[in-house]
Amino acid sequence: MKILVTGGTGYIGSHTCIELLNSRYEVIVVDNLSNSKIEVINKIKTITNKDFKFYEMDLRSEEELRNIFSKEKIDAVIHFAGLKAVGESVQKPLLYYQNNLDSTLTLCKVMNEFKVKKLVFSSSATVYGEQKVLPIKESASLSTTNPYGSTKLFIEYILDDLYKSDNEWSIIKLRYFNPVGAHESGLIGEDPNGIPNNLMPYVSKVAIGELPYLNVFGDDYDTKDGTGVRDYIHVVDLAKGHLKALEYIDKNNDCIAINLGTGTGYSVLDIVKTYEKVNNIKVPYKITKRRDGDIAECYADSTKAKELLNWSSELSLDDMVKSAYNFIIKNKE
Ligand code: NAD
Ligand code: UFG
C-alpha cells in the first residue's frame with residue numbers, strides 16, 4: 001500500500017514513517033517544514049535503509065497536491081500536518097484556523113477527486129476538555145478551551161459529515177494523549193524551537209543544564225501528590241497505532257474516534273523522579289502557580305483501541321524517559 005503522510009517530517013509523523021517503511025508500506029511525505037527540518041528525511045532513510053519521496057509544499061496548495069495525487073497511486077492518507085502550540089493559537093487564532101482547517105479541507109477535496117477515501121487523522125485528547133469521569137472513553141462529551149483544540153474538534157465534525165455524505169470513506173480520528181520519548185537511535189525526537197512548553201522536553205533541557213530548573217505548575221490539584229496527572233505515551237507505540245488504524249480502514253468503511261493512550265496517569269513529580277532514577281541525573285524543580293487552562297487529571301480508556309485495532313501500548317515510563325534523555329544527549333547543539 002502507498003501511504004501519503006502529511007506532516008511526515010514532524011515529531012509523530014517521522015516516527016510513523018519509520019514504522020511504515022519497516023513494515024514494507026510505500027511512503028510519500030508532504031511537509032512545508034514550518035515546524036520541522038529537512039534533515040529528518042535522511043535520518044528516516046538512515047534508520048530504515050529505505051528510500052521514499054518527499055515533497056516540500058504547503059498542503060493548502062491545491063494544484064500541487066493534485067499533481068502528487070496524479071503522479072502517485074496513493075491508497076490512503078495519514079494526516080499529521082497542522083500547527084499545535086496551544087498558547088500561540090490563543091495569540092494567533094486566524095493562523096491556526098486557516099492552517100489547520102484549510103489544509104484538511106484541501107486534502108479531503110483532492111482525495112475525493114482521486115477517489116482516495118481512506119484517512120487517518122491526528123486528533124487530540126484536548127477535544128475532551130475537562131472530564132469528571134476518568135478514564136476517558138471516546139463517548140465522553142466534547143469541548144475545547146483554545147483555538148488549537150477547536151481546530152481539532154471542527155475537523156472531527158467535518159470528517160463526520162464527510163462520511164455521512166458518502167460512506168465509501170473510511171476514517172479514523174486518533175485522539176492522542178501525551179506523546180513523549182524518541183526513537184531508540186536517538187536520531188529523531190521532539191526538538192521544539194526555543195523554550196519548550198511541554199513537560200518532557202522541558203525536563204530534558206533541565207537535565208542537560210540548558211535550563212536551570214523545572215517549574216512545576218501547581219501542587220494543589222486534587223491528585224495523588226497535588227501535581228497534574230497525564231497519560232504519557234511513547235511516540236513509538238503511538239506510531240505503531242497508525243499502522244493498526246490503516247489495517248482497520250483498509251477492511252472497514254467507518255468513521256470512528258479512537259483513543260491512543262496507555263490508560264495510566266502519571267503526575268509531574270512521577271515524571272521528574274523516574275527521569276532522575278532511570279538516567280541517573282538530577283532534575284531540579286520549583287513548585288510554582290498553576291498554568292492557566294490546565295486540568296488536574298487526564299488519562300485514556302484504551303479499551304476501544306484494543307478491541308477494534310488490536311493495539312495497546314507496550315513501552316513503559318522508564319522507556320519514555322530513557323529515550324528522551326538519549327535523544328537530548330545526542331542532539332545537544
Ligand atoms: P509537529 O509540529 O512536529 O509536526 C507537524 C508537521 O506538520 C510539521 O512538520 C509541520 O512543518 C507540518 N505542517 C504544518 N502545517 C502544514 C501545512 N499547512 N502544510 C504542510 N505541512 C504542514 O507536530 P507533532 O507533534 O508531530 O503532531 C502531529 C499531529 O498530531 C498534529 O496535527 C498535532 O496537532 C497532533 N497532536 C500532537 C500532540 C503532541 O503532543 N505532539 C498531541 C495531540 C495531537
Ligand atoms: N507542566 C509543568 N511544567 C512545565 C510544563 C508542563 O509542570 O514546564 C505540567 C502541566 O501543568 C501538566 C503536565 O505537566 O500537568 C503536562 O503538560 P504538557 O504541557 O506536557 O501537556 P498538556 O497535557 O498540557 O498538553 C498536551 C499538548 C496538547 C494536547 C494535550 C492532550 O500540549 O496540545 O497534551 O493530548 F492537546
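When a residue number appears, it is its place in the shown sequence, counting from 1.
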query: With no hydrogens and no angle check, do the side chains of Asn259 and Tyr128 hold a donor and an acceptor under 3.5 Å apart?
result: yes
message: For the backbone of Asp220 and the side chain of Arg290, can you confirm whether one donor and one acceptor N or O come within less than 3.5 Å of each other?
response: yes
- request: Of all the heavy-atom pairs spanning Phe54 and Val30, show the shortest one and how long it is.
  value: CE1-C, 4.5 Å
message: What's the separation between atom CG in Asp31 and atom OG in Ser36, rounded to the nearest 0.5 Å?
response: 3.5 Å
query: Does atom CZ of Phe217 have more than 12 heavy-atom neighbours from other groups under 6.0 Å away?
result: yes
Show me, pair by pair, the donor-acceptor contacts under 3.5 angstrom made by side chains of residues 189-201, not counting sequence neighbours?
unit_1: Asp191; atom_1: OD2; unit_2: Lys37; atom_2: NZ; d: 3.3

Pair Glu276-Lys273, salt bridge (charged side-chain N to carboxylate O under 4.0 Å, His left out): steps then yes or no: CA-CA 5 Å; Glu276 289 185 323; Lys273 287 179 184 144; over 6 Å; no
task: Identify the two heavy atoms, one from Val180 and one from Tyr232, that lie closest to each other, and give their separation to 0.1 Å.
output: CG1-CD2, 3.7 Å
- request: Nearest 0.5 Å please: distance from the SG atom of Cys108 over to the CG atom of Asp161.
  value: 11.5 Å
task: Could you state whether Leu317 and Tyr285 fall into the same hydrophobic cluster, counting links through intermediate Ile, Leu, Val, Met, Phe, Trp or Tyr residues with side-chain heavy atoms under 4.5 angstrom apart?
output: yes
message: Tell me if the aromatic rings of His242 and Tyr25 count as close, with their centers under 6.0 Å from one another.
response: no
- request: Decide yes or no for Asp225 and Asp219: does some side-chain heavy atom of the first lie under 4.5 Å from some side-chain heavy atom of the second?
  value: no
Transitive ILVMFWY side-chain link Ile38 to Ile68, under 4.5 Å: no
field: Donor-acceptor side-chain pairing of Asp231 and Thr262 below 3.5 angstrom
entry: yes
Tyr55 vs Glu72 side-chain heavy atoms within contact, under 4.5 Å: yes
query: Roughly how far apart are Leu187 CG and Ile44 CD1, rounded to 0.5 Å?
result: 10.5 Å
- prompt: Do Glu88 and Tyr148 have a side chain donor and acceptor closer than 3.5 Å?
  reply: no
query: Is there a donor-acceptor pair closer than 3.5 Å between any side-chain N or O of Thr106 and the backbone N or O of Glu62?
result: no
- request: Indicate whether any N or O donor in one side chain lies under 3.5 Å from an N or O acceptor in the other, for Ser316 and Asp319.
  value: yes
- prompt: Are Ile41 and Thr9 close enough, and set up right, to give a side chain to side chain contact (heavy atoms under 4.5 Å, CB included), and what steps lead you there?
  reply: CA-CA 7 Å; Ile41 296 294; Thr9 47; 3.4 Å; yes
query: Sub-3.5 Å donor-acceptor pair from the side chain of Thr288 to the main-chain atoms of Val216, do we have one?
result: yes
message: I'd like to check Tyr221 versus Asp294 (side-chain heavy atoms, cut-off strictly below 4.5 Å). Are they in contact?
response: yes
query: Honestly curious: do Val110 and Trp169 fall in one hydrophobic cluster under the side-chain, below-4.5 Å linking rule?
result: yes
- prompt: Taking all non-hydrogen atoms of both residues, which atom of Tyr96 and which atom of Ala85 are closest, and how far apart?
  reply: OH-N, 3.1 Å
- prompt: If you measure from the Lys or Arg side-chain nitrogens to the Asp or Glu carboxylate oxygens, is any gap between Lys251 and Glu247 under 4.0 Å?
  reply: no
query: Would a distance-only check, ignoring hydrogens and angles, find a side-chain to backbone donor-acceptor pair under 3.5 Å from Lys244 to Trp311?
result: no
task: Give, for atom CD1 of Ile171 and atom CG of Asp160, the distance between the pair rounded to the nearest 0.5 Å.
output: 8.0 Å
- request: Please check if the side chain of Asn279 supplies one atom and the backbone of Val321 the other of a donor-acceptor pair under 3.5 Å.
  value: yes
For Val278 against Lys322, the heavy-atom pair lying closest together: CG1-CB, 3.9 Å
message: Could you report the tightest heavy-atom contact between Asn331 and Phe327, atom names first, then the distance?
response: ND2-O, 2.7 Å
task: Examine the side chains of His79 and Thr104 and answer whether a donor and an acceptor come within less than 3.5 Å of each other.
output: yes
query: Can you tell me if CD on Glu184 sees more than 12 non-hydrogen neighbours from other groups inside 6.0 Å?
result: no
query: Do Leu20 and Tyr176 share a hydrophobic cluster (ILVMFWY, side-chain heavy atoms under 4.5 Å, transitive)?
result: yes
query: Passes salt bridge (charged side-chain N to carboxylate O under 4.0 Å, His left out), Arg175 versus Glu156? Steps please.
result: CA-CA 10 Å; Arg175 295 180 181 153; Glu156 287 210 10; 2.6 Å; yes
- request: Take Phe154 and Asn100 through the test side chain to side chain contact (heavy atoms under 4.5 Å, CB included) and record every step on the way to the result.
  value: CA-CA 10 Å; Phe154 294 164; Asn100 293 1; over 6 Å; no
task: Please answer whether the main-chain N or O of Leu95 pairs with a side-chain N or O of Asn99 as donor and acceptor at a distance below 3.5 Å.
output: no
field: Side-chain ion pair, Lys137 and Asp301, N-O less than 4.0 Å
entry: yes
message: Would you say that Ile295 contacts Arg230 through its side chain, given a criterion of any heavy-atom pair below 4.5 Å between the two side chains?
response: yes
message: Could you go through Ser34 and Asp58, starting from their C-alpha distance and side-chain angles, then the distance that decides it, and tell me whether this counts as side chain to side chain contact (heavy atoms under 4.5 Å, CB included)?
response: CA-CA 9 Å; Ser34 59; Asp58 195 296; over 6 Å; no
- prompt: Any donor-acceptor pair under 3.5 Å linking the side chain of His15 with the backbone of His183?
  reply: yes
field: Heavy-atom check, side chain of Cys17 versus side chain of Phe52, under 4.5 Å
entry: no
Ion pair check, Glu168 and Lys117, cut-off under 4.0 Å: yes
- request: Find the distance between OG (Ser150) and CD1 (Ile155) and round it off to the nearest 0.5 Å.
  value: 11.0 Å
- request: For Lys173, look at atom NZ and say whether over 12 heavy atoms of other residues, nucleotides or ligands are found less than 6.0 Å away.
  value: yes
field: Side-chain donor/acceptor of Gln131 to backbone N/O of Ser141, under 3.5 Å
entry: yes
task: Check the pair Asn215, Tyr213 against side chain to side chain contact (heavy atoms under 4.5 Å, CB included), reporting the backbone distance first and the verdict last.
output: CA-CA 7 Å; Asn215 291 297; Tyr213 56 87; 3.3 Å; yes
task: Tell me, yes or no, whether the heavy-atom count around Lys282 atom NZ, taken from other residues, nucleotides or ligands under 6.0 Å, exceeds 12.
output: no
message: One thing to verify: whether Lys240 and Asp237 come together as a salt bridge, which I'm taking to mean a side-chain N less than 4.0 angstrom from a carboxylate O.
response: no
- prompt: Any luck finding a side-chain donor-acceptor pair between Lys330 and Asn326 under 3.5 Å?
  reply: yes
- prompt: Just checking, is any N or O donor in the side chain of Ser204 or Tyr275 under 3.5 Å from an acceptor N or O on the other one?
  reply: yes
query: Do Leu214 and Val268 come close enough that some side-chain heavy atom pair is under 4.5 Å?
result: yes
- prompt: Going hydrophobic residue to hydrophobic residue with side-chain gaps under 4.5 angstrom, can you get from Val5 over to Ile249?
  reply: yes
message: Could you report the tightest heavy-atom contact between Gly241 and Leu260, atom names first, then the distance?
response: CA-CD1, 4.3 Å
Salt bridge flag under 4.0 Å for residues Lys304 and Glu307: no
message: Is there a side-chain contact between Leu174 and Ser122 in this structure, where contact means two heavy atoms from C-beta onward sitting under 4.5 Å apart?
response: no
query: Within the distance-only criterion (no hydrogens, no angle test), does the side chain of Asp75 pair as donor or acceptor with the backbone N or O of Lys2 below 3.5 angstrom?
result: yes
message: Any heavy-atom pair between the side chains of His234 and Ser313 that's under 4.5 Å?
response: no
